[in-house]
Amino acid sequence: MSTAPAATAAAAPAPVRAHDVPATTGPVRRSDDSLIGRLNAEWVRLCADPATQAAVDRWRLAEVESLDGLEAAVRRDADGVLLALLRLGRSGDGLALRSVFQLMLGKAVRIAATHAGRDSRASLEQAAVTALWTVVAGYPVERRPVKVAANIAMDTLRLTVAELAHQRHETPSSPEQLHPAAAGEPSDPSDPSGASDPPDLELFELLAWAVGRGTISRDDAALLVDIYAPAPGHEGGRAAAERHGISWAAARQRASRATRRIADAVRADAPTGPGPTSWV
């Protein structure tokens with residue numbers, strides 16, 4: 001079996017065995033036949049393997065005694081736990097990499113949801129999930145040892161935006177392809193990509209940090225928020241560009257430049273500087 005989640009095997013660089021994927025606690029996750037649903041189902045099946053606990057024990061992480069405590073451990077010490085898992089992953093531990101991937105999967109779903117209307121939901125989620133796996137599998141632990149979750153989120157956003165920029169499906173071919181939130185339908189409260197989710201506080205903190213250090217302007221920060229985390233009742237993407245009085249092409253260029261500047265600033269600041277909270 002491949003190291004990558006089954007649905008993202010094409011983007012993955014290394015092999016994972018069945019017992020190498022744990023379960024996670026938290027809110028109800030999507031369990032339909034979508035990419036995200038299949039990834040969650042794979043996660044549940046693999047974590048049920050009795051060998052999983054033995055694999056966790058081999059990590060020798062004081063903060064993580066079992067998979068049930070993984071999320072709580074990351075909330076207590078995000079950088080410490082995530083870095084340890086990423087280092088283990090670089091040494092060939094597929095369970096460790098898959099754990100980081102699953103912990104960050106909700107972020108990829110939210111990134112995909114902010115582009116609703118540019119393509120089908122399935123295509124957008126595929127792009128974001130592939131970007132997430134690429135970032136997790138290749139994360140430079142020595143060079144970027146702090147703000148790990150924020151770094152992963154921003155790099156996933158950057159890669160997703162870059163991928164979508166090459167596509168020409170700016171509008172869906174039929175209304176059914178729109179994400180329910182974009183089509184005005186009520187969202188499923190058990191779906192992490194639903195429009196009823198609370199504001200993305202990590203994104204706001206990251207942008208506030210970037211504005212405070214002069215990396216981007218307040219106008220660029222406002223545009224990024226409107227595109228990627230619009231207020232309830234508002235659409236992101238093209239609709240956000242219209243609210244700012246610019247074309248969607250111009251908005252994408254501004255957003256791409258701003259996200260690159262933020263990513264560069266986070267990397268440069270990683271050894272010593274303060275930054276936004278890491279946990280998503």
Side-chain angles (χ1 to χ4, degrees), residues 78-79 104 106-119 124 127-128 131-132 134-135 139-140 143-167 170 181-182 193 195 197-280:
D79 285 343
M104 298 294 297
K107 178 64 67 177
V109 172
R110 290 192 290 275
I111 288 173
T114 62
H115 292 85
R118 292 190 57 187
D119 204 339
L124 294 171
L132 173 62
T134 300
V135 171
Y139 189 85
R143 184 161 54 85
R144 304 174 71 188
V146 299
K147 299 186 288 291
V148 178
N151 293 342
I152 292 173
M154 283 304 301
D155 284 357
T156 299
L157 172 60
R158 178 175 57 81
L159 289 182
T160 302
V161 169
E163 171 62 23
L164 295 178
H166 292 293
Q167 299 178 8
E170 297 295 349
S193 69
D197 282 353
D200 191 335
L201 297 180
E202 183 190 352
L203 175 61
F204 294 164
E205 290 175 349
L206 184 62
L207 292 176
W209 173 78
V211 170
R213 75 192 305 278
T215 301
I216 62 173
S217 68
R218 291 182 182 276
D219 287 344
D220 282 343
L223 178 62
L224 286 171
V225 168
D226 216 10
I227 290 174
Y228 298 115
H234 291 81
E235 294 182 16
R238 184 185 298 274
E242 292 175 355
R243 289 193 295 275
H244 285 258
I246 57 178
S247 69
W248 178 221
R252 288 194 309 169
Q253 289 177 351
R254 277 182 59 183
S256 179
R257 287 195 297 266
T259 54
R260 283 198 299 268
R261 289 198 298 269
I262 293 171
D264 290 343
V266 169
R267 293 190 191 98
D269 188 67
T272 58
T277 56
S278 298
W279 178 241
V280 288

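Sequence positions, counted from 1, serve as the residue numbers for this chain.
- For the residue pair Ala128 and Thr160, the shortest heavy atom distance occurs at CA-OG1, 3.5 Å.
- For the 3.5 Å distance criterion, the side chains of Arg260 and Ser256 qualify, holding a donor opposite an acceptor.
- Considering OG1 of Thr259 and CZ of Arg252, their distance stands at 12.5 Å, rounded to 0.5 Å.
- Side-chain contact between Thr156 and Lys107 is absent, with no heavy-atom pair separated by less than 4.5 Å.
- A heavy-atom distance below 4.5 Å is not found between the side chains of Met104 and Val135.
- Not one N or O on the side chain of Asp226 forms a donor-acceptor pair closer than 3.5 Å with the backbone of Ala241.
- The shortest distance between side-chain heavy atoms of Arg257 and Gln253 falls below 4.5 Å.
- Of the inter-residue distances, the one linking Leu159 atom CG with Met154 atom CE reads 11.0 Å to the nearest 0.5 angstrom.
- Taking CD from Glu242 and CZ from Arg238, the interatomic distance works out to 7.0 Å, rounded to the nearest 0.5 Å.
- Proximity of Arg254 to Ile227: side-chain heavy atoms (C-beta onward) are nowhere separated by under 4.5 Å.
- One distance of note links CD1 of Ile216 with CD1 of Ile262; it measures 4.0 Å at 0.5 Å rounding.
- In this structure the side chain of Ile111 never reaches within 4.5 angstrom of the side chain of Leu132, judged on heavy atoms.
- Under 3.5 Å, the side chains of Asp155 and Tyr139 contain no donor-acceptor pair of N or O atoms.
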